[in-house]
Amino acid sequence: MDESQADNKLGARLYTDVQVSLYPAMFESKVGLTLGVNNLFDKDPLACFSCGLNNFAPPPMTRPASSAMSA
């Protein structure tokens, strides 16, 4: 079959990342604590092994950008 006529479909996937920050008043909000969880519900990435072009590989999960503390 010609690649242009292939009817391969890849479903959608939603990943949930959560981040919480705390800036205690006793440190005059100059020091903070941040906790985060990537892929909260542990969803595996979708893969399409029958897709034509280079067998689509799911992208790796990326780490969120860390926030820099200002002085």
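Tyr23 is not connected to Val20 by any chain of hydrophobic side-chain contacts under 4.5 Å among Ile, Leu, Val, Met, Phe, Trp and Tyr, and they are in different clusters. Linking ILVMFWY residues whenever their side-chain heavy atoms come closer than 4.5 Å, directly or via other members, places Met26 and Val31 in the same cluster. Follow the hydrophobic side-chain contacts under 4.5 Å out from Leu22 and you never reach Phe27; the two are in separate clusters.
Of all heavy-atom pairs between Asn39 and Tyr15, the closest is OD1-CD2, 3.6 Å. Across all their heavy atoms, Asn38 and Asp17 have their closest contact at CA-OD1, 3.3 Å.
Taking CG from Asp42 and CG from Leu40, the interatomic distance works out to 9.5 Å, rounded to the nearest 0.5 Å. With rounding to the nearest 0.5 Å, the separation of CG in Leu35 from CD in Gln19 is 9.0 Å.
Side-chain atoms of Arg13 come within 3.5 Å of backbone atoms of Asp44 as a donor-acceptor pair (strictly under, hydrogens ignored).
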